[in-house]
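Taking it in order: structure first as structure tokens, then the write-up.
Starting from 1, each residue takes its place in the sequence as its number.
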Amino acid sequence: MTDSKYFTTTKKGEIFELKAELNSDKKEKKKEAVKKVIASMTVGKDVSALFPDVVNCMQTDNLELKKLVYLYLMNYAKSQPDMAIMAVNTFVKDCEDPNPLIRALAVRTMGCIRVDKITEYLCEPLRKCLKDEDPYVRKTAAVCVAKLHDINAQLVEDQGFLDTLKDLISDSNPMVVANAVAALSEIAESHPNSNLLDLNPQTINKLLTALNECTEWGQIFILDCLANYTPRDDRESQSICERVTPRLSHANSAVVLSAVKVLMKFMEMLPKDLDYYGTLLKKLAPPLVTLLSAEPELQYVALRNINLIVQRRPEILKHEMKVFFVKYNDPIYVKLEKLDIMIRLASQANIAQVLAELKEYATEVDVDFVRKAVRAIGRCAIKVEQSAERCVSTLLDLIQTKVNYVVQEAIVVIKDIFRKYPNKYESVIATLCENLDSLDEPEARAAMIWIVGEYAERIDNADELLESFLEGFHDESTQVQLQLLTAIVKLFLKKPTETQELVQQVLSLATQDSDNPDLRDRGYIYWRLLSTDPVAAKEVVLAEKPLISEETDLIEPTLLEELICHIGTLASVYHKPPSAFVEGSRGVQHKRLPGSAGSGDSVESPETASAAGVSEAPPAVIPSQGDLLGDLLNLDLTPPTATGPTPPPTSGMQMGAMDLLGGGLDSLLGGDLGGSPAMGAGFGAPAAAVPASFSAPVSGGLDDLFDLGGGVGMPMGAYIPAKILWLPAMKAKGLEISGTFARRAGVIQMEMTLTNKAMSVMTDFAIQFNRNSFGLAPAGPLQVLTPVGPNQSIEAALPLNTVGPVMKMEPLNNLQVAVKNNIDVFYFSCQYPISMLFVEDGKMERQVFLATWKDIPNDNESQFQIKDCHLNSDAASNKLQGSNIFTIAKRTVEGQDMLYQSMKLSNGIWVLAELRVQTGNPNYTVSLKCRAPEVSQCVFQSYEAVLKN
């Protein structure tokens with residue numbers, strides 16, 4: 001009979017029966033009872049009352065029974081730590097059992113019991129198991145070290161387990177090597193600067209030897225570790241590639257992707273004229289193609305990774321276009337991904353095939369897929385010039401089908417084709433105009449209006465067409481309204497006599513009758529231009545526009561490099577760096593590909609890059625539209641130069657760095673370039689005020705900008721509140737306690753004055769905290785070394801840590817304390833400022849800050865007023881930095897300083913802030929965003945306390 005019978009009983013009084021059965025002399029009955037206990041535990045019943053009885057069953061030779069008892073132990077040890085200590089002797093004994101399975105089972109269970117009291121007893125058995133003669137025990141012990149490190153890192157380091165783990169990399173058994181690498185990698189991730197995995201050619205050789213013989217998951221650990229190694233030269237790189245290549249034919253797709261990651265990284269080091277480089281490119285294609293014959297979910301992951309690979313090295317898959325053709329039964333997410341890759345691989349050689357396929361897709365039933373297919377035809381036209389004519393005729397055929405959404409998408413992409421190839425395909429405009437009445441989507445209507453406005457001189461009834469849109473002007477979306485305004489102004493400049501009435505009508509609608517600020521601003525600008533200088537208006541509005549670039553959706557090169565280093569992980573599926581979706585980016589390192597062969601040195605540092613002046617322009621990428629915050633941090637307010645020498649061209653990246661802190665160059669150089677603040681810093685500045693060169697060093701170069709050091713001054717000390725009375729003498733038999741909290745050199749301290757107002761001497765002081773929101777607990781005993789006599793006071797500083805038990809308090813920063821002395825035990829509660837928990841590594845990188853701000857829902861944002869504060873923004877920034885509230889960037893907008901700040905709590909929660917300081921206004925506004933919005937009120941209180949003291 002199966003074990004399912006154990007899950008069907010729900011008798012009352014069962015616990016007493018089980019207790020009796022567990023203490024039975026018969027082995028079989030014991031085993032049955034333990035099975036029943038485990039079944040009850042599995043379905044959620046509380047059987048912790050049987051703890052001592054189950055632990056007694058550990059003393060058995062029966063492996064199955066032992067496993068069941070260990071399972072029970074793992075589940076309940078945390079809630080019964082005092083009882084769990086009873087099991088320690090059995091663990092120690094089992095670690096010396098002649099059966100290696102039992103030794104491994106004991107060490108595995110010890111690692112899973114996360115109870116501080118037990119960990120110190122585990123060290124000796126673990127040390128023996130790490131040196132055990134049986135490889136199965138050694139490999140289990142290696143993983144146990146990583147688990148123990150997570151519970152108590154200091155203990156692992158003190159006991160020398162890390163050195164033993166490093167020695168296991170040289171073990172004769174490949175599985176032991178793989179587990180040692182996995183454990184070290186796990187530990188290294190939480191301690192990025194520890195250099196635990198000291199990879200050198202000898203170690204790499206051992207790992208490559210083990211690679212051929214260990215299990216598939218072992219191979220993944222080793223390959224991921226190899227990917228973090230940077231070879232010394234192209235010969236070593238080639239040698240590693242040759243030994244990793246056989247993994248490409250593995251049955252497990254995770255092994256294949258890990259191998260591809262290693263090869264993609266090390267290929268950067270190989271010279272392109274090397275024969276082996278060509279061979280390697282050919283070897284990479286078949287495994288990637290094979291991944292596409294798996295089930296849809298795996299296909300999707302493979303396609304997301306292939307998308308990255310194709311952007312970095314399109315030559316790998318340039319002959320494999322057919323495998324990306326869509327099958328009728330592919331799920332929509334696979335279809336859309338395949339379509340994307342098809343466009344990336346489209347070239348003159350295969351465009352005919354691609355277009356025939358895309359035309360077929362445009363007749364499918366799935367609306368989203370059809371839309372994307374029509375867009376894809378347009379993208380092909382823009383990418384492969386020779387195919388543009390074919391693409392346009394294909395689009396016209398699709399317009400003739402009169403399917404509404406197909407027509408609308410076709411018009412949107414034809415607008416882009418006109419922007420890429422002006423004055424080439426205008427013959428199709430007549431066909432487009434026929435479909436004007438069927439357009440109901442804003443994007444399609446806006447595209448059509450743009451076409452009519454741009455080619456108004458070729459369309460006889462352009463004024464009638466635009467007038468038809470004008471009738472329902474206020475019902476249109478903003479996108480259409482803006483486009484209509486511009487199109488009619490263009491039409492007026494081309495045919496002024498016929499359209500004067502029309503332009504007056506649209507300007508009036510856009511300015512006097514509209515409450516949309518964008519529309520009104522554009523309307524007024526056109527009105528002013530047309531009324532003051534029609535010739536200038538013509539030059540501005542009808543100026544020749546730059547052609548649009550080919551690939552508008554390429555991933556930004558540095559991000560692409562980082563994502564290539566994360567192939568086979570979630571980052572490669574999201575197409576985001578780990579720091580963007582791993583909470584607070586703890587231990588997430590930014591990875592880069594090594595410098596390519598022949599380019600001399602590897603990756604440049606920011607300093608050398610800026611000194612080099614003009615760098616090679618990366619492919620043009622249209623960034624996705626960020627939110628207001630992103631735009632503010634990237635705004636470029638450098639004053640225009642009217643005369644004088646033109647500055648050397650700078651890459652976009654350099655300009656972004658130059659103007660990170662706002663206010664344009666004038667604020668960096670300390671000079672006042674004039675101009676009204678509302679117009680952006682220094683508009684219309686005198687020519688003499690403009691520096692001759694942007695590349696002149698500005699007070700220490702980029703370092704000052706990013707550190708906010710030179711420009712803003714040194715941070716002041718951390719804020720420490722004044723001591724307040726916590727426990728009055730009347731309530732504590734003469735013991736009076738006043739105190740405060742401080743953070744000194746990264747350690748939280750509870751600083752107290754103990755006063756004896758009784759007649760007898762007080763001794764034997766001890767202190768204990770109740771569970772609290774952030775796990776605050778004494779890091780050691782309360783040191784009151786001398787007795788406190790009557791009317792005497794003594795100062796005591798108690799260091800605290802944040803690894804105690806956690807329970808949400810009301811208010812959040814409430815702390816309940818018990819103090820004991822030779823007279824009695826006394827209780828009081830106090831509130832600690834949450835700024836004590838702000839850690840020293842709370843400064844986010846600028847890009848991570850932007851990504852995190854966008855990622856946190858707007859519902860989690862809280863806004864507060866800080867009144868009567870008379871500091872300028874620099875002084876406020878310094879004061880806050882003293883309490884580990886770090887300023888990431890500063891921007892001045894219309895006389896208002898905006899400081900973007902981050903802080904990190906000891907439990908890993910990040911809080912992001914925007915502090916607005918208006919010159920001459922003593923009231924500040926602070927907006928806080930956090931994934932745990934309940935901390936915002938306490939953070940605001942800390943802001944207020946720090947800034948006002």
Side-chain angles (χ1 to χ4, degrees), residues 91-92 94-96 100-101 103-116 118-230 258 262 586-589:
F91 280 136
V92 175
D94 281 356
C95 283
E96 296 181 3
L101 288 174
R103 296 204 296 276
L105 182 65
V107 79
R108 179 187 291 123
T109 310
M110 287 193 308
C112 293
I113 295 178
R114 302 176 66 84
V115 175
D116 282 338
I118 294 184
T119 43
E120 53 203 74
Y121 297 110
L122 308 187
C123 294
E124 262 336 288
L126 182 57
R127 186 175 285 107
K128 283 179 186 164
C129 289
L130 281 165
K131 299 207 162 49
D132 198 281
E133 64 203 20
D134 193 284
Y136 181 73
V137 180
R138 292 201 299 277
K139 88 176 179 71
T140 310
V143 176
C144 187
V145 174
K147 288 179 177 173
L148 190 59
H149 188 275
D150 194 35
I151 301 165
N152 191 337
Q154 197 56 48
L155 181 73
V156 171
E157 285 162 32
D158 295 345
Q159 294 284 342
F161 288 147
L162 294 179
D163 297 325
T164 318
L165 261 189
K166 287 179 190 172
D167 295 342
L168 287 181
I169 289 182
S170 312
D171 198 278
S172 56
N173 184 288
M175 265 323 293
V176 177
V177 176
N179 278 19
V181 166
L184 283 169
S185 302
E186 179 83 14
I187 294 168
E189 260 181 34
S190 55
H191 293 68
N193 304 321
S194 57
N195 200 20
L196 279 176
L197 270 165
D198 186 18
L199 298 174
N200 53 44
Q202 291 73 33
T203 318
I204 292 294
N205 194 33
K206 287 170 188 165
L207 294 182
L208 287 164
T209 308
L211 186 63
N212 299 322
E213 298 170 44
C214 57
T215 65
E216 48 200 24
W217 295 110
Q219 290 181 28
I220 293 165
F221 291 135
I222 291 176
L223 287 167
D224 286 350
C225 177
L226 285 174
N228 294 329
Y229 176 61
T230 306
S258 292
V262 175
R586 178 185 78 95
V588 172
Q589 291 168 286

Just by distance, do the side chain of Arg127 and the backbone of Gln159 share a donor-acceptor pair under 3.5 Å?
-> yes
With the side chain counted from C-beta on, respond yes when Leu168 and Leu130 share a heavy-atom pair under 4.5 Å apart, and no when they do not.
-> yes
Heavy atoms, side chains only, cut-off 4.5 Å: are Leu208 and Leu226 in contact?
-> yes
Do you know which two heavy atoms are closest between Glu213 and Pro174, and how far apart they sit?
-> CB-CG, 3.5 Å
State, yes or no, whether a side-chain contact exists between Val177 and Lys206 at a heavy-atom distance under 4.5 Å.
-> no
Test item: Arg138 side-chain N/O and Glu133 main-chain N/O as donor-acceptor pair under 3.5 Å | yes
Which heavy atom in Cys144 sits nearest to a heavy atom in Gly111, and how many Å separate them?
-> SG-CA, 3.5 Å
CD1-CD distance between Ile222 and Gln219, expressed to the nearest 0.5 angstrom | 7.5 Å
Output for pair (Cys112 SG, Leu148 CG), nearest 0.5 Å, gives 11.5 Å
Could you walk me through whether Thr109 and Asp94 pass side chain to side chain contact (heavy atoms under 4.5 Å, CB included), step by step?
-> CA-CA 11 Å; Thr109 310; Asp94 281 356; over 6 Å; no
For residues Lys131 and Thr164, determine if any side-chain heavy atom of one lies less than 4.5 Å from a side-chain heavy atom of the other.
-> yes
Does a side-chain heavy-atom distance below 4.5 Å link Cys123 with Phe161?
-> yes
Can you find a heavy atom in the side chain of Glu157 that is under 4.5 Å from one in the side chain of His149?
-> yes
